[in-house]
Amino acid sequence: MTSRIITYAEAIREAIGQAMESDPNVFMLGEDIGIYGGAFGVSGDLFHRFGPERIRDTPISELGIVGAAVGAALVGMKPIVEIQFSDFTAQAMDQIVNQAAKIHFMIGGQLSVPMVLRAPSGSGTGAAAQHSQSLEAWFAHIPGLKVVMPSNARDAKGLLLAAIADPNPVIVLEHKLLYKTSGEVPEEMYMTPIGVPDLVQEGTDLVIVATGVMVSRSIEAAHQLKEHGISASIIDVRTLSPLDMTLINQVVSATGRVLLVQEAPKHVGYMAEIAARIAEGPSWKQLKAPIKRLCGLEIPIPYAPQLEQAAVPQVADIVKHATQLVKEN
Amino acid sequence: MTSRIITYAEAIREAIGQAMESDPNVFMLGEDIGIYGGAFGVSGDLFHRFGPERIRDTPISELGIVGAAVGAALVGMKPIVEIQFSDFTAQAMDQIVNQAAKIHFMIGGQLSVPMVLRAPSGSGTGAAAQHSQSLEAWFAHIPGLKVVMPSNARDAKGLLLAAIADPNPVIVLEHKLLYKTSGEVPEEMYMTPIGVPDLVQEGTDLVIVATGVMVSRSIEAAHQLKEHGISASIIDVRTLSPLDMTLINQVVSATGRVLLVQEAPKHVGYMAEIAARIAEGPSWKQLKAPIKRLCGLEIPIPYAPQLEQAAVPQVADIVKHATQLVKEN
Amino acid sequence: MSSITPLIGPESGLISDSKPAALAALESLLSIRSFEEAVDALFARGLMHGTMHLSIGQEASATGVCAALTSTDYITSTHRGHGHCIAKGADITRMMAELLAKQTGYCRGRGGSMHIADAATGNLGANGIVAGGIPIAAGAALAQKMQGKKEVIVSFFGDGATNEGAFHEALNLSAIWDLPVVFVCEDNKYGMSNSTEKSMRVEKISERAAAYGIEGVTVDGNDVDAVFAATRTAVAKARTGGGPTLVEAETYRWKGHSKSDKNLYRSKEEIDEWKAKDPIERFQNLCLTKNIITQAEIDELTARVREVTRGAIKDAMAAPDSNPDELLSGVFKAVS
Amino acid sequence: MSSITPLIGPESGLISDSKPAALAALESLLSIRSFEEAVDALFARGLMHGTMHLSIGQEASATGVCAALTSTDYITSTHRGHGHCIAKGADITRMMAELLAKQTGYCRGRGGSMHIADAATGNLGANGIVAGGIPIAAGAALAQKMQGKKEVIVSFFGDGATNEGAFHEALNLSAIWDLPVVFVCEDNKYGMSNSTEKSMRVEKISERAAAYGIEGVTVDGNDVDAVFAATRTAVAKARTGGGPTLVEAETYRWKGHSKSDKNLYRSKEEIDEWKAKDPIERFQNLCLTKNIITQAEIDELTARVREVTRGAIKDAMAAPDSNPDELLSGVFKAVS
Ligand SMILES: Cc1ncc(C[n+]2csc(CCOP(=O)(O)OP(=O)(O)O)c2C)c(N)n1
Ligand SMILES: Cc1ncc(C[n+]2csc(CCOP(=O)(O)OP(=O)(O)O)c2C)c(N)n1
Ligand SMILES: [Mg+2]
Ligand SMILES: [Mg+2]
């Protein structure tokens, strides 16, 4: 496959464009995705390529939009909903959780809901508490939803294409700080399988398991750790639901130390699940140190830059906690 | 204090009545709480005692109701919202999570939101997937919300009075199967402190940590286990957020085996947090067996009685898993 | 299989002007009543689980509306959805099997009364969430439009549902996009215990159409002909690109909201008043007066419908219980 | 402290009929414009963080509305809330400090532009959620009614917000309970890039009042007098138990929705047309024509307002940065 360096946002746009070219039932709906090009510029020129019917600007009514996507999906369309900030899924939670997630099961499998809901998550832009949440734990907890969180441009495309091909509702949580980051992305259509975490790098002293923007921070942290003589594996969970623990268990067993890093607040967050699975699982006996989670503080995301940075793990925090974990155990 | 045997529903009603008598700013709003007496009969005769202004029937509009409670709370009232089924909090999630939970923090502490949101959770009544969820993990994950889950009549009253006295938003998740169960409840007003789990009974072989209706099932299971020569401690988590781990750590250290039981699906559920805290904490080294979670299946709650029972832990399941945990480790 | 004779709405004139149409409508009315009464009795005898919401007294709206639809048109339905389901042509035995928690039920026993759907007859599903189906109907209508199809979607909901944000957002989307959808509000005067007088300030729910720049009409919901005629107009408009209409059918539920209802919020007189307006008796009398149907035909039909219901119960009861072993595999559709 | 002179709405007649009222209104108009321009410049120079939504061009609605309120009346505001905040009497220095992420800001740097509240002047808060403040306003109004108080709540929101379910539910609750609330829709013709023509089928947003059985009025939102008069009527009605009114103020935002806006969805001509309807120039000319204010007074006020803004920036910049150490203790109010 031919690859080029493009941004995460471009990779998403390319995936949508290719899916729309190859399947007339794929369409996009959301607020300001048309001529405006999307609040984060993701839809960009798709409006000019596919027109207002298939790149469908909506009024500000998230519940209605998601409900419309559910209805369209039930009768054979493949809607891709963009929710402008993942915080506004709160408005649409009934359609996501009580309808989309449950219909296939509830009606005995007669129909399915092949829809994709994309939304930018996370903090880092000074948008404060109502525009910066990381709500992946909510979605991952709901049977009937698949949940992915691409951490780089390549997966952004591959996971989105897999989500579009999936006959079930898939929640794609993008990260707003990643939209402008670049990476190598194949030109062709390809799918990153939903359900398989990614071994980003191998190391011997500990494994850092991370999601979203914490993956790139972990990679940066691992560089610094190397300088201090600490060798870290990194696993990008990537698909939060369903989750296959094989790789994580393997690497935890091999390194004996695990640092779980997420942006969301710790309490009842996604990494609690990984911790629990490790504690319940086969790698438990190989642990040389207690499992350690490094997460966002138990606070709404604040506005001021210095407060916002203090609220979620930074590279230095990862370095510090990884070092402690290795040195003290 | 004088105690009597009353039902869980009566205990809640008594708490509301006493709070309303002692503070004119306390009032209730919700669907069919007036002359109908509440979908589960909880408000009962309160309408006749306090009238339609303070026991305020609302149209079917959960988002509006919760928003109205937030607004009333901001200017000095103490609203108690009843959401008919906890599943319908999905409709009101924006006001719960983006508004109520964050306002005090976001506006630098100028105002607070002293509201209580009560809602019946859980399965067991054949009401199927949209009326039977256990969503406590959602609320517990959100900084700015306190979350309690009374498992018996005494706590139903005490925790509700504590919630009403609290100057912050408190989510009270009741269980619909418990409304008609009875227990000893003091007549006077009293508060069960928010933040402290309850040691239901002490045993030596393992500790069962449970929430909601799983507490009574665990008690029943412990009776049966005793007949098989297994002695179980039981901890009722009771207040899910904030959570104080002192007691749990103590008892886990003492018994060396822990079975975590919840009704909600396992994946990214509340018990993952308890498992993670144990795995990260001081009792980790005392564990004789891996931590074990016994939870609902990863499915929407089905309608048929035999399916519904298969979907969530029953007494026999608790007995089986507790026995395995003790026998095999 | 035991579905009603497909409803035939005449292209012009009323249902009560056409013998086959009238007979089919009467079969629908009687089948709904018979089904609901049977369900009521089964619950009373402890043979049914869960909860139920009966549409006795409201048979004319389901019947009149579905008579204006083709078999490939769609509906979204509600918690009070048995009537819609039957009128749209569902198999009564499979409905009964679902309520009896059987593997042969429409949802394999997973959904129960509040979640019956029938893909074959275009019933996209009842809904346990008040107003939950309205945005879904808008989306199904959007799909018809985008796919260049001619199908129309009817979204059924109650008066109480119009106070939900979902109603507002769905009607607005449908209006601005000229979607082929007809919003049918079965205004039975109460959302559970809350009367329309207490829960809204408009006289007629159809007035709410004004907020979306669409037409709103109120009809006598106990008059099959009136419901049919208004729906036929709205459906024709929707089918030809004219966009949505809000049709309010004024009616009444005779029974409590659900099993736990003590009817404290309304008077016996009020209930009796509405019972006197029985949509079935009324339609029968109209057809007799117009000499479209004979009393003998009514009696024959009534007996036949009862027989069908009895047969449905018998067959459903004999069916295997729903199977817990397929629960986990039922959550996701397999990726092909 | 640097708040505007309290707005004085005359009990009868127009603002432009009364010198003190006109001067106060002009001070408000100029202060809002000056604040917004300063913020725009600070952002452009990279001295401000986050995002911002400027109300340049919309100063008359904030000013006219707040002139009809007492100091103890309440407002709920929006993401485009600086104008409301200033008109209600907030300290401009503390607003600026908030935007500059300072400890002395209204929210101690935790909220920023989208979350400024001022308990002292009855501003219950801006809101980052479109329509998020509307149900909150209904609740605050319910509290006034239950506590037997005479205070009225104004809920500001945009045209786009009226497409949200929250708008619908809040207006319905307020209507049925006769709450003392005035809903002020600042119809600036766009919700981000989505024009009102595309996002709704009504000609005037005030028509949506019909769905709730309340009065709706549309006024020229660039005319301080018209906004004031309509609000005064609505407030008087609300205060005396007459329930809510929906007031639509037609106006326009000159700047992009937020910093990232390239204005692709509207034409330069349209923007210029509206700039020609500058609410400030218009009010000044009216007052000059009516001989209520002199040009010298205008010049003096303009200079003074600029000075206040400059002082606010200076003082805010000198203030200590917001303090990360109190984050954890800021989440919950301490249980007493
Ligand atoms: C979102 C939501 N809120 C509340 C309920 C509980 N509930 C079920 S039916 C009902 C009344 C519905 O009234 P209406 O829409 O008029 O329909 P009807 O029952 O009269 O047919 C209520 C409150 C629900 N199922 N969903
Ligand atoms: C629930 C929600 N949806 C979307 C957004 C993103 N957003 C912020 S402002 C805005 C436009 C609001 O339009 P309008 O209500 O007309 O107010 P205006 O910006 O014109 O003042 C949008 C879409 C949001 N903040 N909240
Ligand atoms: Mg009704
Ligand atoms: Mg606008």
Side-chain angles (χ1 to χ4, degrees), chain A residues 30-41 43-45 47-48 52 56-65 67 84-85 87-88 90-92 94-95 123-133 176 179 265 267 296-312, chain D residues 48-52 79 98-103 105 107-115 127-132 158-168 190-196 198-200 257-258 260-266 321-332:
Chain A
E31 295 159 16
D32 308 293
I33 61 170
I35 196 158
Y36 195 96
F40 289 92
S43 48
D45 65 349
F47 178 76
H48 297 290
R56 186 169 285 265
D57 258 329
T58 65
I60 311 171
S61 38
E62 292 78 12
L63 180 61
I65 300 167
Q84 219 162 62
F85 286 75
D87 314 70
F88 314 153
Q91 262 74 357
D94 176 61
Q95 287 291 337
S123 64
T125 67
Q130 293 174 333
H131 287 73
S132 304
Q133 287 167 93
K176 41 181 99 72
Y179 284 128
H267 194 56
L297 299 181
E298 309 296 325
I299 61 171
I301 296 291
Y303 160 73
Q306 68 277 21
L307 304 188
E308 194 178 19
Q309 270 174 39
V312 304
Chain D
M48 247 179 214
H49 173 69
T51 188
M52 59 160 170
H79 59 286
E98 184 58 32
L99 300 188
L100 289 166
K102 299 295 185 169
Q103 185 68 15
C107 313
R108 306 178 191 220
R110 292 181 202 150
S113 167
M114 280 193 287
H115 303 296
N127 211 307
I129 298 294
V130 169
D159 47 287
T162 70
N163 298 317
E164 284 278 4
F167 163 84
H168 177 71
Y190 294 89
M192 208 155 155
S193 69
N194 210 341
S195 69
T196 49
K198 279 173 54 191
S199 71
M200 58 189 80
H257 168 72
S258 67
S260 59
D261 189 345
K262 299 188 210 81
N263 274 319
L264 297 173
Y265 51 88
R266 54 183 191 171
D321 284 346
S322 52
N323 180 2
D325 296 338
E326 22 168 84
L327 283 175
L328 286 174
S329 61
V331 179
F332 290 112

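Sequence lines set the chain letters: A, B, ... in the order given, protein chains first and strands last, and positions in each chain run from 1. What's counted below: heavy atoms across the whole structure, side chains too, no hydrogens, waters or symmetry copies.
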In terms of heavy-atom pairs under 4.5 Å with chain A, which of [options] leads?
options                        : value
D:T51, D:V130, D:L264, D:L327  : D:L327
D:S199, D:S193, D:P324, D:C107 : D:S193
D:S258, D:G330, D:G50          : D:G50

So do the side chains of [X] and [Y] get within less than 4.5 Å of each other, counting heavy atoms only?
X      : Y      : result
A:L307 : D:R110 : yes
A:Y36  : D:S260 : yes
A:Y303 : D:M114 : no

Qualifying residues under ring-ring contact (aromatic ring centres under 6.0 Å, His included), relative to A:F88, sequence neighbours excluded: A:F85, A:H131
Inter-residue atom distance D:M200.CE - A:S61.OG, 0.5 Å rounding: 10.0 Å
In terms of heavy-atom proximity below 4.5 Å to chain D, should [X] be classed as side chain, backbone, both, or neither?
X      : value
A:A39  : both
A:L63  : neither
A:Q309 : neither

Over all atoms of both residues, closest heavy-atom pair of D:I129 and A:Q130: N-OE1, 3.4 Å
Contact summary for A:P300 and D:V331, nearest pair of heavy atoms: CD-CG2, 4.0 Å
Check: A:Q306 side chain, D:S322 main-chain N or O, donor-acceptor pair, under 3.5 Å: yes
Heavy-atom donor-acceptor pair, D:N194 side chain to A:T58 backbone, under 3.5 Å: yes
Pick one of side chain, backbone, both or neither for [X], based on which atoms fall under 4.5 Å of a heavy atom in chain A.
X      : answer
D:H115 : side chain
D:N263 : neither
D:K102 : neither

Residues of residues 158-166 of chain D near chain A, each having a heavy atom less than 4.5 Å away: D:G160, D:N163, D:E164
Top contributor to chain D interface from A:G37, A:A128, A:P305 [non-hydrogen pairs under 4.5 Å]: A:P305
Between A:D57, A:D87, A:I299, the one whose heavy-atom pairs under 4.5 Å with chain D are most numerous: A:I299
Audit row: D:L328, A:L297, side-chain contact (heavy atoms from CB on, under 4.5 Å) steps and yes/no: CA-CA 8 Å; D:L328 286 174; A:L297 299 181; 4.3 Å; yes
